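These notes are about the structure you will find just below.
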Amino acid sequence: MTVSSRSSTRRARRRTIAASGAIAAAVAITVLALTLDDPAPRDKQGGDSPATVESVAPAPVDESLLALARRDSGDALAVGRADAPVVMIEYSDFQCPFCGRFARETEPELIRSYVDKGVLRIEWRNFPVFGEESEQAARAAWAAGQQKKFWDFHQVAFGEPRERNQGDFSTDKLVGMAREAGVGDIGRFRSDMASGAAHDAVRKDREEGYGLGVTSTPAFLINGTPVLGAQPTATFEEAVEAAAEAAEK
């Protein structure tokens with residue numbers, strides 16, 4: 001291994017360790033807020049991701065996390081200018097009810113207020129955590145993206161609450177969602193969904209999340225600042241505006 005390669009490996013390792021620490025700190029704050037806010041015993045609460053937690057304090061910005069933004073202009077799973085001053089990375093599962101809440105209530109506001117104005121870019125990461133139907137939905141979303149229909153598929157899949165692991169994300173249902181989303185070549189969609197490339201893409205996203213210490217969905221990085229759970233829209237607006245202001249300095 002060359003000196004340059006060793007140096008790059010050390011930098012990547014330091015970035016991963018720092019990122020894991022930042023996410024872990026945000027997780028700890030979220031868990032504490034949930035514990036204080038909800039008197040029910042934890043064993044009587046479901047295994048879902050954190051719900052809205054209004055009392056969570058923002059985690060400190062970690063500059064090393066900025067490098068995780070791919071800023072690829074050809075990324076079908078991203079929306080917004082590649083050179084936008086703020087990038088929000090979203091780790092999400094199509095079967096997660098809180099991810100659905102974010103997609104229906106908050107994301108459209110962020111797109112109207114910031115993405116459409118060139119301030120914000122949203123980069124999706126598939127992070128399936130609820131079993132095979134989550135995995136299959138993630139691969140289907142990636143397949144839709146191969147025909148530039150990821151965000152249309154995303155809108156259909158999250159368009160209404162769905163039952164988890166009850167067949168709502170079966171192959172036939174996913175094909176129906178693809179048709180509704182306007183995916184033109186359904187034969188290609190089926191092929192892409194089952195392909196090794198789809199499996200590899202989903203695995204890459206999930207490993208990135210696990211490497212950061214993400215354990216539940218939805219989880220976000222806004223210019224290096226972790227935000228966990230389906231927080232109120234105002235929380236995301238404040239984070240985006242603070243990141244945009246910092247980027248101008």
Side-chain angles (χ1 to χ4, degrees), residues 16 19-20 23 47-50 65 68-72 74-80 82 87-104 106-107 110-111 115 121-159 161-162 164-165 168-171 173-175 177-178 180-181 183 188-222 226-230:
T16 299
S20 298
I23 293 289
D48 288 341
S49 314
L65 298 181
L68 291 170
R70 295 170 186 171
R71 292 187 177 276
D72 178 0
D75 186 354
L77 276 62
V79 61
V87 177
M88 181 175 77
I89 302 173
E90 173 184 354
Y91 299 89
S92 193
D93 183 321
F94 284 102
Q95 289 202 104
C96 163
F98 303 116
C99 300
R101 179 190 301 173
F102 173 81
R104 290 187 294 274
T106 297
E107 200 161 45
L110 297 180
I111 290 174
V115 174
R121 174 179 175 84
I122 300 175
E123 296 187 355
W124 171 276
R125 303 286 192 268
N126 278 302
F127 197 76
V129 293
F130 291 119
E132 179 53 34
E133 286 194 44
S134 291
E135 297 266 357
Q136 190 157 262
R139 295 193 298 270
W142 181 88
Q146 301 314 292
Q147 298 186 52
K148 308 300 182 185
K149 290 294 183 179
F150 168 79
W151 290 100
D152 301 272
F153 179 91
H154 166 283
Q155 186 173 1
V156 172
F158 277 138
R162 302 180 190 274
R164 185 187 303 161
N165 293 322
D168 281 358
F169 291 95
S170 67
T171 298
K173 292 289 182 66
L174 290 167
V175 168
M177 291 179 198
E180 186 178 346
V183 174
R188 178 188 172 189
F189 171 80
R190 286 180 178 272
S191 177
D192 284 341
M193 181 169 58
S195 69
H199 284 79
D200 289 345
V202 172
R203 182 173 61 249
K204 177 182 177 181
D205 284 356
R206 183 165 51 196
E207 287 178 353
E208 178 182 289
Y210 279 139
L212 292 171
V214 174
T215 58
S216 62
T217 54
F220 307 87
L221 289 174
I222 301 177
V227 177
L228 303 182

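All residue numbers in this chain count up from 1 along the given sequence. Model, not experiment: these values are computed from the prediction.
Considering Leu228, Leu212, Asp205, Asn126 in turn, Leu212 is the only one that fulfils the side chain to side chain contact (heavy atoms under 4.5 Å, CB included) rule with Tyr91.
When every heavy atom of Phe153 is checked against every heavy atom of Ala137, the shortest pair comes out as CE2-O, 4.2 Å. Nearest heavy-atom pair across Phe158 and Cys99 is CZ-CB, 3.9 Å. Of all non-hydrogen atoms in Pro128 and Arg206, the two that sit nearest each other are O-NH1, 3.4 Å. The nearest pair of heavy atoms linking Gly145 to Leu77 is CA-CD1, 4.4 Å. Considering all non-hydrogen atoms of both residues, Lys148 and Gly74 come closest at NZ-O, 4.1 Å. Nearest approach of Ala219 to Ser216, heavy atoms of both residues: CB-O, 3.8 Å.
Within the 6.0 Å centre-distance limit, the rings of Phe127 and Tyr210 are counted as a close aromatic pair. A centroid separation of less than 6.0 Å is found between the aromatic rings of Phe94 and Trp124.
In summary, Arg70 and Glu123 do not engage in a salt bridge, as defined by a charged side-chain N under 4.0 Å from a carboxylate O. Between Glu132 and Arg139, at least one side-chain nitrogen of the basic residue sits less than 4.0 Å from a carboxylate oxygen of the acidic one, meeting the salt-bridge criterion.
The CD1 atom of Ile122 lies 8.0 Å from the NE2 atom of His154; values are rounded to the nearest 0.5 Å. Expressed to the nearest 0.5 Å, how far CG of Leu174 lies from CG of Asp168 amounts to 9.5 Å. If you take CD on Glu135 and CZ on Arg203, they are separated by 10.5 Å, rounding to the nearest 0.5 Å. Between the CZ atom of Phe189 and the CE atom of Met177 there is a distance of 9.5 Å, given to the nearest 0.5 Å.
Gln146 is not listed as a side-chain neighbour of Ser191, based on a closest heavy-atom distance of 4.5 Å or more. Put simply, the side chain of Leu110 reaches to within 4.5 Å of the side chain of Met88, judged on heavy atoms. Contact of the Val79 side chain with the Phe150 side chain is not registered, since no non-hydrogen atoms from C-beta on lie closer than 4.5 Å. Within the 4.5 Å cutoff, the side chain of Glu90 has heavy atoms near those of the Glu107 side chain. Under the 4.5 Å side-chain criterion, counting only non-hydrogen atoms from C-beta, Phe169 is not in contact with Ser134.
A donor-acceptor contact shorter than 3.5 Å links the side chain of Arg121 to the backbone of Gly80.
Looking at residues two or more places apart in sequence or on another chain, you find no side-chain hydrogen bond (donor to acceptor under 3.5 Å, both in side chains) involving Asp152. Taking Gln136 as the reference, Thr171 meet the side-chain hydrogen bond (donor to acceptor under 3.5 Å, both in side chains) condition, with sequence neighbours excluded.
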